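Throughout, a chain's letter reflects where its sequence line sits, starting with A, and its residues are numbered from 1. This structure is a prediction, so every number in the text was calculated from the model and none was measured.
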Amino acid sequence: MDHAQKPRVRFAPSPTGYLHVGGARTALFNWLFARHEGGTMLLRIEDTDTERNRPELVEGILAGLRWLGIEWDEGPYFQSQRLPLYQAAADRLLASDAAFSCYCKPASYTGEGPAMKAAGEEAGKQEGEGDDEGPKTKRNIPCPCRHLSPAERAAREREGIPRAIRFRVPEGGVTRFEDAVFGPREVQNAEIEDFVLLRSNGLPTYQLSVVADDIDMRITHVIRGADHLSNTPKQVLLYAALGAEPPIFAHVPLILGPDRTRLSKRHGATSVSSYAEEGLLPEAFRNFLALLGWSPGGDSEYLRTRELIEKFSLAGVSRTNAVFDRPKLEWFNTQYLQKPSVEELLPYVEAELKRVGMWEGSQASAEPAWFARAVDLIRPRTRFLSDFTTWARAFFTDDFDYEQAAREKFWKEDRLPELLAKLAEALAALPDWNHDACDAALRALAGAEGVKAGLLINATRVAIVGRAVAPPLFETMVILGKDRVVARLKRALPSITSR
RNA sequence: GGCCCGGUGGUGCAGUGGUUAGCACGGUGGCCUUUCAAGCCGCAAACACGGGUUCAAUUCCCGUCCGGGCUACCA
């Protein structure tokens, strides 16, 4: 039955930090794939490292996914609540001699402490700890416990030495698998060390828990960052030892900072939540992220989510690391601020107005139709949601001020107070309040006074919205209404004089 | 250090054993225009380098360089 073959994928973050853009992109690819294939997406929290795990961060990760609009069909599952499964898997491996007990002190049998290269430290992850004393070379010295006799093992058990469980990697041969992105892969088993499955505290390591869970949850496609590519052979070995068929692996390229090094804090905002706070539209962020390491082919890059889902395929995933390009992200945001229907945008603008306390009791909240017209008028000039409450503030509240640069640019002319006072009078006398009437009244005044219409237009704009950059004047006047325009014109006079 | 992956304008992606090497962002010039955007039109800008293989390499192979990943009782 093919309905039984529907793909099952998962996003499996570890709560050691917030949801960062790399994780978000991985989640997005899984989600797009699942939706495209009509499959199932699960969420699994990989919290088996009690040292680094911060339970309180889980909510933030979920919030980030929700903001992005990535919904999961199952979960979240917590590995910390599934420990018996891993224990059982370890027991089976021990029983079949595919694993063995190790009594070494952590890392004591290898060459030495961290012999990592300078570049490896950069991620700024944890404390550098060990100093540059240790040997620069580190060989994969096999763990001596691999060959312990039953008697020796029993002796150690009697002594109560803590033990970890390690996988017994086959002596020779090669391990192969096919990666949907990187193609056929082949690794000499001799290159793989006897990795730890179960720590001495009884908790599983990533290698064990990820495989045990992916088997148990019937995951068909493992779509994850390419940083996991090198460890995949270990997992393939585990699948075999556990008698399970491995899933299809698809490793997606990493996201780098502008300097082509791993994206990190010093490259600026890397958490999804910071983009939410900044006033980006989730769909814009999704569109941007989708194109990092994936190409739909074709010329257009502005792809609504439904199109992304339609077009997504693992075949289009690139093997080259991608650089996070902030300017392009902003471009996408302006696209999503301007192209979709106003109705789609309204909820976001409403939320933004509420966020800064400009919603309650406003015309925007009282008159939905007016609100829609105002947003439609303002949005062509916005780049962020926050623009609605910053430069477009005067559309929603009388409490605004005059931008200094605007005053200097358009309030130079000495006659302005006099002219604007006359304009206020003329406008107040208008029987009908519409674009053409306002336009005619202003131009008539300009003609009569012998000044260019532009002078009045620009000065008036600053007077009624406080900004040099704003929507076309007469449309703005119509939205604001006669009373407000006249009042604001009069209110501005003293400020112009005192310029 | 060892093992592995990658390398097309500044950036994200297309693409091909023979192409005027395509699109988008950004940059730049112009049009439009009451401001500023948007929009439209144009311009500059790339196959990392060195060897091969081949009639022909951006494309296939090797090396170098550069970048990245893994090499944890982290994920």
Side-chain angles (χ1 to χ4, degrees), chain A residues 12-16 46-49 51-53 102 104-107 110-111 114-117 119-120 125-126 135-140 162-166 182 185 187-188 190-193 195-201 203-207 209-210 224-233 251 253-254 256 258-262 288 291-302 316 318-332 334-335 338 379-383 391 406 409-410 439 442 452-458 460-462 467-474:
Chain A
S14 143
T16 52
E46 312 223 315
D47 54 353
T48 57
D49 184 347
E51 298 293 298
R52 291 157 217 270
N53 184 24
C102 167
C104 298
K105 278 197 159 60
T110 55
M116 345 216 79
K117 278 274 54 220
K125 283 295 182 192
Q126 295 304 121
K136 289 293 186 261
T137 46
K138 173 181 159 189
R139 291 199 177 69
N140 288 335
R163 63 150 204 193
I165 308 297
R166 282 179 186 278
F182 286 86
R185 308 277 308 177
V187 176
Q188 296 294 323
E191 299 289 342
I192 308 173
E193 63 178 347
F195 53 97
V196 172
L197 260 18
L198 224 47
R199 303 174 168 94
S200 49
N201 65 7
L203 294 173
T205 61
Y206 170 71
Q207 310 291 168
S209 60
V210 74
R224 73 215 326 182
D227 49 340
H228 288 292
L229 193 55
S230 299
N231 280 323
T232 304
H251 289 91
L254 270 19
L256 311 178
D259 59 357
R260 292 205 154 274
T261 62
R262 202 187 221 293
F288 169 71
L291 264 26
L292 245 32
W294 172 70
S295 169
D299 286 351
S300 183
E301 298 204 315
Y302 171 78
S318 156
R319 283 171 291 284
T320 314
N321 289 166
V323 172
F324 189 87
D325 187 21
R326 170 76 198 200
K328 193 156 189 175
L329 169 59
E330 291 186 14
W331 177 79
F332 272 113
T334 64
Q335 296 299 303
Q338 289 159 31
R379 66 170 176 157
R381 262 148 280 256
T382 54
R383 286 185 82 73
W391 73 253
K409 188 173 180 187
F410 294 125
D439 188 321
L442 183 142
K452 291 174 67 176
L455 174 72
L456 295 184
I457 288 171
N458 290 325
T460 301
R461 178 183 296 106
V462 179
R467 297 276 163 160
V469 177
L473 182 65
F474 303 117

K.L.:
So, does A/Arg199 use its side chain to make a donor-acceptor pair with the main chain of A/Pro204 at under 3.5 Å?
P.N.:
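At least one qualifying donor-acceptor pair exists.
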
K.L.:
For A/Gln335 and B/G39, is the shortest distance between a side-chain N/O and OP1 or OP2 below 4.0 Å?
P.N.:
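Yes.
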
K.L.:
Applying a 4.0 Å non-hydrogen cut-off, can you work out what A/Pro380 is touching in the nucleic acid: base, sugar-phosphate, or nothing?
P.N.:
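Result for A/Pro380 = base.
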
K.L.:
Mind checking A/Ser295 for me? I need base, sugar-phosphate or nothing, with any heavy atom below 4.0 Å counting as a touch.
P.N.:
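Touches sugar-phosphate only.
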
K.L.:
Given B/G68, is OP1 or OP2 found less than 4.0 Å from the side-chain N or O atoms of A/Arg260?
P.N.:
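So the side chain of A/Arg260 is outside the cut-off, no N or O lying under 4.0 Å from OP1 or OP2 of B/G68.
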
K.L.:
With a 4.0 Å cut-off on heavy atoms, is A/Glu51 in touch with a base, just the backbone sugar-phosphate, or nothing at all?
P.N.:
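Since no nucleic acid heavy atom lies under 4.0 Å of A/Glu51, the category is nothing.
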
K.L.:
Output a table of nitrogen or oxygen pairs between the protein and nucleotides 44-49 of chain B separated by less than 3.5 Å.
P.N.:
none

K.L.:
Taking A/Ser200 for the side chain and A/Pro162 for the main chain, is one N or O donor matched with an acceptor at less than 3.5 Å?
P.N.:
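Here the side-chain-to-backbone pair does not exist.
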
K.L.:
Between A/Ala470 and A/Arg319, which is nearer to the 5' end of RNA chain B once each is assigned its nearest nucleotide?
P.N.:
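Closest to the 5' end, via its nearest nucleotide, is A/Arg319.
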
K.L.:
Kindly say if A/Thr48 contacts the phosphate of B/A75, meaning a side-chain N or O under 4.0 Å from OP1 or OP2.
P.N.:
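Checking B/A75 against A/Thr48, a side-chain N or O does come within under 4.0 Å of OP1 or OP2.
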
K.L.:
Which part of the nucleic acid does A/Arg383 contact within heavy-atom distance under 4.0 Å: base, sugar-phosphate only, or nothing?
P.N.:
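It contacts nothing in the nucleic acid.
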
K.L.:
Considering every strand and a 4.0 Å limit on heavy-atom distances, what is the contact class for A/Leu254: base, sugar-phosphate, or nothing?
P.N.:
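Here A/Leu254 touches the backbone only, sparing every base.
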
K.L.:
Is it the case that B/C73 (base atoms only) and A/Ser200 (side chain only) share a donor and an acceptor within less than 3.5 Å, ignoring hydrogens and angles?
P.N.:
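Result: at least one qualifying N/O pair found.
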
K.L.:
Identify whether any heavy atom of A/Asn231 sits under 4.0 Å from a base atom; if not, whether one sits that close to sugar-phosphate; answer base, sugar-phosphate or nothing.
P.N.:
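Since a base atom lies under 4.0 Å of A/Asn231, the category is base.
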
K.L.:
Find the runs of at least 3 consecutive base pairs, i with j, i+1 with j-1 and so on, that include RNA chain B, using Watson-Crick or G-U wobble geometry with both distances under 3.5 Å.
P.N.:
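RNA chain B stems, ordered by first number: B:1-7 with B:65-71, B:10-13 with B:22-25, B:27-31 with B:39-43, B:48-52 with B:60-64.
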
K.L.:
Within this structure, what is the CG-OG distance for the pair A/Leu291 and A/Ser318, rounded to the nearest 0.5 Å?
P.N.:
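The OG atom of A/Ser318 is 11.5 Å from CG of A/Leu291, to the nearest 0.5 Å.
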
K.L.:
May I ask you to verify whether the side chain of A/Arg381 and the base of B/C36 hold a donor-acceptor pair under 3.5 Å?
P.N.:
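By the distance-only test, yes, there is a pair.
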
